[in-house]
Every structure is written in C-alpha cells, then in structure tokens.
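What follows is a set of notes on a single structure, which appears directly below.
Only a predicted model underlies this, so the values are computations on that prediction, with no experimental measurement involved. No hydrogens, no waters, no symmetry mates; every other heavy atom, side chains included, goes into these values.
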Amino acid sequence: MTPSRDITRLLEIMAALRTPVSGCPWDLEQDFASIAPYTIEEAYEVVDAIARNDLDDLCEELGDLLLQVVFHAQMASEQGKFDFGDVVTAITRKMIRRHPHVFADADGNVTAGHVKGVWDRIKAEEKAERAARRGENVAAPASLLASVKASQPALAQALALQAKASTVGFDWNDPRAVLAKIREEADEIEAALERGDQDHIAEETGDLMFALVNLARHVKADPEMALRGTNVKFEKRFAYIERALQAKGRTVQDASLAEMDALWNEAKGK
C-alpha cells in the first residue's frame, strides 16, 4: 500500500484493516460504540488546531477525522447497511437541497438572512421526512428547541438552546442583566455549600455554567474558544511556576501554596 490523494486508497486501507484473519486485531474488535469516543476526540483536535492557527496540524487532524468517517462507513458496509458512497451521496443531496439559491434556477439577489430562513425550513422538512420513515408521529407540533442536538457537547448545546429561545424574545436585552443572574447563581451555590447538599451544589453549579455561556453569547464570545484560550493561559502560567521552582532546585510537589500563588502573580505580569 502506498499513500494517495485518491479517497479510494483510504477506503482500501480501511477494508484491509477490517479483513478477518489478515487484518489488524484491534481494528477488527471495534464497533460503532467503541469508535464513537475517538470520533469526538478527533473533532476536538480539529478545533484545537484551528484555535492555534496551525494549518499543518489542521491538515493532519482533518485526515484523522476523515478516517473516522471511513471507519464507520466500513463497519456499516460489512453489515450491509450503507457504504462510504452512500454517505457522500447523502451529504451532497442534502447540500444541494439546502442551497436552492445556488443550485436551482432562480433570479434576483438572496440575502444572508433569507438563506438562513430557507436552511431552517428545509432542515425542518428533512427532520419530518426522517420521522415519517421511522413511523414516528409528526402530527404534533415540535418544540422550538427540538432541533437542538442533545448529542453535542454540553457547552455547545447550552449555547444552541439559548440562541434558539432568543428567536422568540426569551432573552435578556443587556449583558449586565446576565451578570446579575451569574451573581444570583453564585449566591445559590454558596447557600447550597452552607447546607452541605451535594446534589443541590452540583445542580446550582450547572446553572452557573449555563449563565456564563449566556454571558459569552451576549458579548459575542464563543464560550468554547474563550475557555480554550483560558486553558492555554493557565498552562503557560503553571509552566512558569514549574520553571521558576526548578531554577531553585525545587518542584511543585514540595512548594507551598503561598509560594506557588506568588509565582502565579509573577506569571500574570509577564
């Protein structure tokens, strides 16, 4: 096997890895459920490469993510359900259908707002069609929030729920009002701490995180990217503490909290 720009080669490699006896023992043991965590992990690594503006790494991570699609398609093909070609057909059909302003004969200019409206309408139609194929009841009106995927990370789901609710005016008009809600939630956590109610503490912590996502949305900051930025900042400052202690022949394990806190403040000034 040699590398190739042709997707066919990747499909052949995946099929070889999944071939009984001659294939890879680890790959042969996998199923959809066991591979799913890797799929999520690879998607996050794509986001990380974008956040670091590392395009060489992005190229590699996109390949890793593509491999996940190929892996799932190969397993489905072995079960006679669908193959990679069916995946490509499904997404091309969907993109053509969702962009009638591009792929259909139409005159006149189309605004971004109109495009978004068409996209949402067509997505709703597709969802109803899928429900009908599964024999589900589609007569009852769906909740406004029904289109928000529960399978996505909680941070992204919170943002999507809030954005969807805001379309009907269920929202604050001022970020300062969200700040007041954050203070309220923090007070409720403190009250729960006083009572020692662990379940309530966890619940109120979730409420606080939800409110923080809402603040990020109101100030037009992506909460995922904002938190990733803070994570990077934390790593850099903690590394400064480690280097400073190492220069003195010491480690973080034998340093006091006061010493590390002082070095932390030094790192903030760098």
Side-chain angles (χ1 to χ4, degrees), residues 36-68 152-163 172 174-194 196 198 200-270:
Y38 296 100
T39 307
I40 295 170
E41 179 182 338
E42 296 301 349
Y44 272 116
E45 290 184 359
V46 167
V47 173
D48 178 62
I50 292 170
R52 291 184 284 104
N53 195 31
D54 187 336
L55 296 186
D56 289 336
D57 200 21
L58 177 58
C59 179
E60 182 175 339
E61 297 300 345
L62 285 171
D64 291 345
L65 185 58
L66 176 59
L67 176 63
Q68 296 298 307
Q152 62 188 314
L155 204 62
Q157 185 187 13
L159 185 65
L161 288 169
Q162 294 165 5
W172 281 288
D174 189 337
R176 294 174 184 81
V178 188
L179 273 175
K181 182 63 175 176
I182 289 171
R183 296 188 186 100
E184 176 188 325
E185 298 297 352
D187 289 341
E188 291 181 1
I189 291 175
E190 187 171 8
L193 286 168
E194 289 292 331
Q198 193 59 46
H200 198 203
I201 292 169
E203 179 183 344
E204 295 299 344
T205 300
D207 291 347
L208 176 60
M209 294 172 70
F210 193 84
L212 287 168
V213 171
N214 220 335
L215 177 63
R217 182 174 62 87
H218 276 80
V219 300
K220 302 190 184 326
D222 183 295
E224 174 71 23
M225 301 309 291
L227 183 56
R228 282 180 174 272
T230 297
N231 290 345
V232 171
K233 184 166 57 178
F234 181 89
E235 287 181 309
K236 287 181 178 178
R237 290 176 180 174
F238 194 81
Y240 177 88
I241 295 173
E242 291 175 313
R243 289 194 304 270
L245 288 169
Q246 187 178 24
K248 300 175 183 178
R250 306 181 61 204
T251 67
V252 291
Q253 283 77 15
D254 53 34
S256 68
L257 177 58
E259 288 177 289
M260 289 190 286
D261 195 44
L263 290 170
W264 176 272
N265 290 328
E266 280 185 25
K268 288 174 65 177
K270 297 295 182 182

[atom1]/[X] to [atom2]/[Y] distance, rounded to the nearest 0.5 angstrom?
| X | Y | atom1 | atom2 | value |
| --- | --- | --- | --- | --- |
| I182 | R176 | CD1 | CZ | 13.5 Å |
| W172 | R217 | CH2 | CZ | 9.0 Å |
| N214 | L179 | CG | CG | 11.0 Å |
| D222 | E224 | CG | CD | 7.0 Å |
| K233 | R228 | NZ | CZ | 16.0 Å |

Could you list the residues that satisfy salt bridge (Lys or Arg N to Asp or Glu O under 4.0 Å) with R250, not counting sequence neighbours?
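Scan of R250 (salt bridge (Lys or Arg N to Asp or Glu O under 4.0 Å), adjacent residues dropped) gives D254, E259.
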Contacts of E60 that satisfy salt bridge (Lys or Arg N to Asp or Glu O under 4.0 Å) - sequence neighbours left out
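So E60 forms no salt bridge (Lys or Arg N to Asp or Glu O under 4.0 Å) with any residue.
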How would you list, by chain and number, every residue that makes a side-chain contact (heavy atoms from CB on, under 4.5 Å) with I241, sequence neighbours excluded?
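With sequence neighbours excluded, I241 shows a side-chain contact (heavy atoms from CB on, under 4.5 Å) to F238, L245, V252, M260, L263, W264, given in chain and number order.
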Under the side-chain contact (heavy atoms from CB on, under 4.5 Å) rule, collect the residues that match up with A239, sequence neighbours excluded.
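Once residues adjacent in sequence are excluded, the partners of A239 under the side-chain contact (heavy atoms from CB on, under 4.5 Å) criterion are E242, R243.
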Do L159 and L155 have side chains that approach each other closer than 4.5 Å (heavy atoms only, starting at C-beta)?
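L159 vs L155: side chains apart.
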Compare every heavy atom of P175 with every heavy atom of V219, then report the nearest pair and how far apart it is.
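Between these two residues, the closest heavy atoms are CG1-CB, 4.2 Å.
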CD (E190) with more than 12 external heavy atoms under 6.0 Å:
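No.
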Is the count of non-hydrogen atoms from other residues, nucleotides or ligands lying under 6.0 Å from Q246 atom CD greater than 12?
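Atom CD in Q246 is not crowded, with 12 or fewer foreign heavy atoms closer than 6.0 Å.
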May I have the list of side-chain donor-acceptor pairs in residues 37-55 shorter than 3.5 Å, sequence neighbours left out?
residue : atom : partner : partner atom : Å
T39     : OG1  : I35     : O            : 3.3
T39     : OG1  : Q68     : OE1          : 3.0
T39     : OG1  : H72     : NE2          : 3.0
D48     : OD2  : R52     : NE           : 2.8
D48     : OD2  : R52     : NH2          : 3.1
R52     : NH1  : D54     : OD2          : 3.3
R52     : NH2  : D57     : OD2          : 2.4
D54     : OD1  : D56     : N            : 3.3
D54     : OD1  : D57     : N            : 3.0

Residues 202-213, side-chain donor-acceptor partners within the protein, below 3.5 Å, at least two apart:
residue : atom : partner : partner atom : Å
E204    : OE2  : H200    : NE2          : 2.8
T205    : OG1  : I201    : O            : 2.7

